[in-house]
Every structure is written in C-alpha cells, then in structure tokens.
Amino acid sequence: ITMAITLNGTTNVITPTTAVQPQHAIVNVHSVVKTDTASAEVGDGAISAVLFSTNYAAASSSNKLLIQINLSMGCDTSLIYPVLMIGGSESAYRGDAAGDRARSSCPTHPGSDGVNDGAQITYLLSSPSTSSTAYGVAFRHGNNATEAVYLNRSHNDVDATWQARGASSITIMEIQG
C-alpha cells in the first residue's frame with residue numbers, strides 16, 4: 001500500500017510500514033469451545049481443579065482483556081458456584097468474603113440434579129501478562145459434603161431425548177490501551 005501526500009505543491013509517495021491502532025481498538029480475538037464433558041469431586045468449602053481453560057499472551061501489558069466465559073454446568077447438590085481463574089489462581093472477580101459464604105464469580109442454582117444450568121462471566125482485566133497465561137474456570141458447590149460438579153452435563157446425564165448436554169466457551173478480546 002502506498003499513499004500520495006501533497007504538501008506545499010510537492011507530492012511525495014510514502015509506504016507505511018506499521019499500522020498504529022487507535023486507542024480502544026480490538027487488537028486480537030481468541031476463542032475456544034469445549035463440547036465434551038468434565039467433572040470433579042469437590043469437598044465442602046473447597047474449589048475444584050480448573051475444568052476448562054485457554055492460554056493467552058497479551059501483545060502489551062498496557063492493553064486490556066475482555067474475558068467472556070459462557071458455561072453449561074450441573075451439580076448433584078443443585079447449587080454450583082463458578083470461579084474465574086487467572087494463571088491457576090482465583091481472580092479478584094468474585095464476591096466479597098463474608099463469614100462462611102462461598103465466593104463465586106457468578107453463583108447459580110440449577111434447581112435440580114437433572115438439569116444443566118447456564119452462566120456467563122464477563123470481566124475486563126487491566127494490565128494483562130504478556131507471557132502465556134491460563135484463563136479458565138473452576139467450581140465450588142453449596143453443600144456440606146463432597147459433591148460432584150460437571151461441565152457441559154447435568155448430574156443425572158440420562159440418555160433420553162428430554163436430557164441435554166451443552167457446550168461452553170471462552171472468548172478473550174484484547175483491547176488497545
């Protein structure tokens with residue numbers, strides 16, 4: 001691509017070598033979909049291992065990452081608490097600590113162990129790492145025993161036309177600082 005510029009009656013041809021993104025432009029979009037199932041046994045007050053994640057390295061730490069996670073999930077207690085995980089640790093995007101209450105990015109209540117529930121986590125991360133970092137989700141539950149949590153299926157997971165399995169996704173949009 002070349003551009004002709006006329007200044008004071010003189011025409012010069014320039015060839016841009018790099019494009020400068022305007023502030024708040026989308027620099028990159030990274031997306032991953034999980035269609036198979038995952039599960040974990042989680043103790044009272046504990047958090048599962050990360051059941052779904054993707055790695056991403058930001059182009060610049062002055063950019064921002066818009067993290068969008070859509071989940072299909074189930075639990076045998078019917079109370080399931082997804083938690084956004086960044087770099088294998090709980091992110092700051094979760095409810096305040098208050099007594100014995102579980103901290104979650106978006107608590108949900110499917111209502112039955114035979115039902116999948118959907119949840120969305122949307123978080124704008126400032127100062128992201130320029131090294132490859134895992135962004136994902138782990139789970140807590142709302143029972144005082146060891147219980148199973150599931151991704152993309154219900155607890156019952158009956159092979160019948162009235163039972164469904166879902167899909168989950170993680171999308172990361174990097175936005176110019």
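When a residue number appears, it is its place in the shown sequence, counting from 1. Worth knowing before you read on, the calculation uses all heavy atoms, side chains too, and leaves out hydrogens, waters and symmetry mates.
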Is the shortest side-chain heavy-atom distance between [X] and [Y] below 4.5 Å?
| X | Y | result |
| --- | --- | --- |
| I170 | F52 | yes |
| D157 | R165 | yes |
| E147 | D76 | yes |
| Y123 | I86 | yes |
| L79 | N143 | no |
| M85 | S53 | no |
| N28 | Y56 | yes |

Strictly distance-based, threshold 3.5 Å: is any side-chain N or O of [X] a donor or acceptor partner for the main-chain N or O of [Y]?
| X | Y | answer |
| --- | --- | --- |
| Q23 | G177 | yes |
| R140 | R103 | yes |
| S105 | Y93 | yes |
| H141 | C75 | no |

**Item:** Trace of the side chain to side chain contact (heavy atoms under 4.5 Å, CB included) decision for V42 with I47
**Value:** CA-CA 6 Å; V42 183; I47 190 167; 5.7 Å; no
**Message:** Using the rule side chain to side chain contact (heavy atoms under 4.5 Å, CB included), only one of L51, L84, V83, L71 pairs with V137; which is it?
**Reply:** L71
**Asked** For D96 and R101, what are the C-alpha separation, side-chain angles and deciding distance, and is it a salt bridge (Lys or Arg N to Asp or Glu O under 4.0 Å)?
**Response** CA-CA 9 Å; D96 286 342; R101 292 171 187 87; over 6 Å; no
**Asked** Stepwise, does the side chain to side chain contact (heavy atoms under 4.5 Å, CB included) test hold for I80 with Y150?
**Response** CA-CA 9 Å; I80 188 166; Y150 304 96; over 6 Å; no
